[in-house]
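Presented below is the structure to which this report refers.
Just so it is clear, the structure is predicted and the values come from calculations on it, not from any experiment. Both ligands and their constituent atoms are indexed starting at 1 by order of listing.
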Amino acid sequence: MSEAINILAFETSCDETSVAVLENGKVLSNIILSQEYHLNFGGVVPEIASREHLRKIAELTEEALEKAGKKITEINLVAATSEPGLIGAILIGLNFAKSTAATLNVPFVNVNHIQAHLYSSFLNERKPNFPFIGLIVSGGHTLIVLVEDFFKHKILGTTADDAAGEAFDKVAKMMGLGYPGGPIIDRRAKEGDKDFHKFPISRLKDSKYNFSFSGIKTSVLYYLRNNNFEQNKSDKLINDICASFQHAIIKTLYDKVMLAAKEYGVRDITISGGVSANSSLKETFSALNGKGYNIFIPDFIYTTDNAGMIGITAYYKYTTEKNKEFLDKESLSTHARPRLDYENF
Ligand code: KG4
Ligand code: ZN
């Protein structure tokens, strides 16, 4: 039997410091530290994120190895997020990972964070079949992708302005609900009436698959102003606004994904990224299971940023024959540089 592939993976692109250990594509440990310090500022402060990653990364690595029951010397592949994200934050994880790989004299694989969200669905026992439509909905990204094979993607649509998660965060902030807004709105929406108010979602003329979420954010702002929200606010009003806003976002995501699935004749659909933790979004899409479609949503722990998804993406990158060339080019023998754009998606 050939040697097991033991991966040590790092994710530090934003405000989660995460380290995972995988054996042959199975997660043995996935330690995630959400940096709470940012809560004082209502959003992520890049410099603080970098410093917190630096402060914690070594001890989280030890913790991940210990939980996995692996010695560092058993690791034969190291991976880290290299793009996109906060550049200082990425550099901490990337350099820590590359030094570890160099010290162990094992290959290093750099991973695109958006690809990692996409392939997080492969962490489940039940895996999607190619081709599939991937919806990636996070705090920084909203994409609909046609995935023909591993690392063979066609971006069908993306957002012209705010990402879906960003819209959740901004709307929650407007109502003084705290950060991150997604989980709070999700919880409150359960108690609210989705038909309370119709918040419009802008339609873009240029592409049927592109999104725009800044209009709905503005329409919530005007609704709050025009209805004297500060004077009239009550739990019921907040819950109803949350439910109506959330419903509008989910309907747009759903309609566009289904349009793509029909146009491309695809039955398997993956939903991933932080917003895929949303309970109503999960319910809406999961209802399609057994009705001609197969829906794949990662387990809760793999929806928001985590190193498990970096590890699984590195695993497929490493084991997929056609990526060998990429590995040679990008491995430590040359250098893996953090990129600022999406050229590598
Ligand atoms: O994937 P992620 O951890 O980070 C990025 O790569 O951006 O996503 C974070 C985003 C935040 O905007 C957060 O509000 C949103 O995911 N989110 C949710 C839920 N949980 C997290 N949005 C809606 N419903 C949720 N339950
Ligand atoms: Zn993410």
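- Atom 21 (C) of ligand 1 has as its closest protein heavy atom G274 O, 3.4 Å.
- Ring to ring, F130 and F132 are close: their centroids are under 6.0 angstrom apart.
- Counting atoms of ligand 1 from 1 in the listed order, those under 4.0 Å from a heavy atom of G139 are 5 (C), 7 (O), 8 (O), 9 (C), 10 (C), 12 (O).
- Not a single N/O/S atom of H141, whether from backbone or side chain, sits less than 2.8 Å from the Zn ion (ligand 2).
- The 12-atom threshold is exceeded at NZ of K190, counting heavy atoms of other residues, nucleotides or ligands nearer than 6.0 Å.
- Within 6.0 Å of the CZ atom in R203, the count of heavy atoms belonging to other residues, nucleotides or ligands does not exceed 12.
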**Asked** When you look at S214 and D162, which way does the side chain to side chain donor-acceptor pair (under 3.5 Å) test go after all the steps?
**Response** CA-CA 6 Å; S214 75; D162 292 350; 5.4 Å; no
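- Below 4.0 Å from some heavy atom of D169 lie the following atoms of ligand 1, by number and element: 11 (C), 12 (O), 13 (C), 14 (O).
- For ligand 1, the atoms lying closer than 4.0 Å to a non-hydrogen atom of P180 are 14 (O).
- Residue contact check: H113 has heavy atoms under 4.0 Å from atoms 6 (O) of ligand 1.
- Annotation: Y223 is not in aromatic contact with F229 [ring centroid separation under 6.0 Å not met].
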**Prompt:** Checking ring pair (Phe, Tyr, Trp, His ring centres under 6.0 Å) for the pair F245/F213: CA distance, chi angles, key distance, verdict?
**Reply:** CA-CA 11 Å; F245 161 77; F213 292 118; 8.6 Å; no
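- For ligand 1, none of its N or O atoms has an N or O atom of T304 under 3.5 Å away.
- For a threshold of 3.5 Å applied to N or O pairs, the pair formed by H141 and ligand 1 contains no separation below that value.
- Atoms of ligand 1 lying under 4.0 Å from at least one heavy atom of H117, given by number and element, are 1 (O), 6 (O).
- Listed by atom number, the atoms of ligand 1 under 4.0 Å from G165 heavy atoms are 12 (O).
- The single protein non-hydrogen atom nearest to atom 3 (O) of ligand 1 is D305 N, 3.0 Å, given as residue, atom name and distance.
- The distance from ligand 1 to the heavy atoms of G140 drops below 4.0 Å at these ligand atoms: 7 (O).
- The contact set between ligand 1 and S138, taken as ligand atoms under 4.0 Å from a residue heavy atom, comprises 1 (O), 5 (C), 6 (O), 7 (O), 8 (O).
- H153 and Y119 have their aromatic ring centers within a separation under 6.0 angstrom.
- Between the side chain of D305 and the backbone N or O of E16, no donor-acceptor pair lies under 3.5 Å.
- The Zn ion (ligand 2) sits nearest to atom OD1 when only the N, O or S atoms of D305 are considered.
- Ring-plane geometry between Y316 and F150 is classed as parallel, the angle between the planes falling under 30 degrees on a 0 to 90 degree scale with a further cut at 60.
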